[in-house]
Amino acid sequence: MRISVVTLFPELVDAGNRCGMVRAAIEKERLTVAGYNPRDWSADRNRRVDDRPFGGGPGMLLQPGPISGAIDAAVDEAGAKRPLVVALSPQGQRLDRHVIADWAEREQPLVLVCGRYEGFDQRLLDSRVDVEYSLGDLVLSGGELAAMVVVDAIARRLPDVVGDAQSVVEDSFEADRLDHPHYTRPPEWEGRGVPAVLSSGDHRRIAEWRSEQALMTTARRRPDLFLQHGPTDNERAALERHWLAGSDDNPGSQQTRD
């Protein structure tokens, strides 16, 4: 899979490419990440890429010419399959695992366009960008960190990159639920033990415990996700057992129970 990143700071993306799953994906030739600096397409002798916005206002705005030049070059060099051009912007729709999974499964080439300053000239978005995505309701200094998040999330989904593919399947959000609690050695730490079921050797009970804990964690911490996707009949039964047992993990809100 090829991902091109249009950025004024390619060194930031290069740093991410040298670590973790992204590095593994590149070394296994499952992923190529190429950087394109819009300054290389600037007509200004000082390689300037920004100017004041029409109509006044604070800050500077990225000029459409250098950014479009970098995008066009990335599209031309992507190969026979036209890439999807994605602007990373607070105005975009929220990025989630469903989008990442779709991109990784189809291995569609991507051009990730990183904003800076006050953002993009609207004419660039109208003429070159297919879709805008945001990591959430926050503003970063630029799109580079968002691009690194996208690259990392895709890399770990590509075939043969993660050593144990099951670990990807069991991640948070994969079943529209958060992950269950995890424990490792030692069996006791600072007076805190490990739930007995995890040492029972009964794989069915362990699986049930993990499923129930994931359900309770989602209900407590992300009731929006919990209500949006469920609960199923089996999950309702698990919730009832949990509440009847008087657990401290009881989500306890009317919103969660409805």
Measure from the side-chain N and O atoms of [X] to the backbone N and O of [Y], and report whether any donor-acceptor pair falls under 3.5 Å.
X      : Y      : result
Asp121 : Gln63  : no
Arg39  : Arg47  : yes
Ser42  : Arg48  : yes
Ser211 : Glu208 : no
Asp14  : Asn17  : no

Is [X] linked to [Y] within one hydrophobic cluster, defined over Ile, Leu, Val, Met, Phe, Trp and Tyr using a side-chain heavy-atom separation of less than 4.5 Å?
X      : Y      : result
Val13  : Val111 : no
Leu112 : Val129 : no
Leu61  : Phe9   : no
Leu138 : Leu145 : yes

Using side-chain contact (heavy atoms from CB on, under 4.5 Å), reason through Met1 and Leu110 one step at a time and then give a plain yes or no. CA-CA 9 Å; Met1 181 173 180; Leu110 298 177; 3.9 Å; yes
Does atom [atom1] ([X]) have a neighbourhood of more than 12 heavy atoms from anything else shown, all under 6.0 Å?
X      : atom1 : value
Asp137 : CG    : no
Arg2   : CZ    : yes
Glu27  : CD    : yes

Charged N-O contact under 4.0 Å between Glu107 and Arg30: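 The answer is yes: the pair qualifies as a salt bridge.
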[Y] side chain reached by [X] side chain, heavy atoms, under 4.5 Å:
X      : Y      : answer
Val149 : Leu95  : no
Val5   : Pro10  : no
Thr7   : Arg116 : no
Gln122 : Leu125 : yes
Met148 : Val151 : no
Arg82  : Asp130 : yes

Start with the C-alpha gap between Arg128 and Val6, add the side-chain angles, then the distance that decides, and say whether side-chain contact (heavy atoms from CB on, under 4.5 Å) holds. CA-CA 12 Å; Arg128 295 295 193 279; Val6 175; over 6 Å; no
Could you walk me through whether Ile206 and Ser200 pass the side-chain contact (heavy atoms from CB on, under 4.5 Å) test, one step at a time? CA-CA 8 Å; Ile206 292 173; Ser200 68; 4.2 Å; yes
Applying side-chain contact (heavy atoms from CB on, under 4.5 Å) to Val86 and Val150, what does each step give before you reach the verdict? CA-CA 11 Å; Val86 180; Val150 172; over 6 Å; no
Once you measure the plane-to-plane angle for Trp103 and Tyr133, does it fall in the parallel (<30°), tilted (30-60°) or perpendicular (>60°) bin?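 Perpendicular, since the angle between the ring planes exceeds 60°.
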Using the side-chain contact (heavy atoms from CB on, under 4.5 Å) definition, which of the options Ser68, Pro66, Cys114 pairs with Pro38?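 For Pro38, the side-chain contact (heavy atoms from CB on, under 4.5 Å) test succeeds with only one of Ser68, Pro66, Cys114, which is Pro66.
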Value rounded to 0.5 Å, distance of CG in Leu8 from CG in Asn37: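 Leu8 CG to Asn37 CG: 6.0 Å, rounded to 0.5 Å.
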Between NE2 of His182 and OG1 of Thr184, what distance do you get to the nearest 0.5 Å?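 So the gap between those two atoms works out to 11.0 Å.
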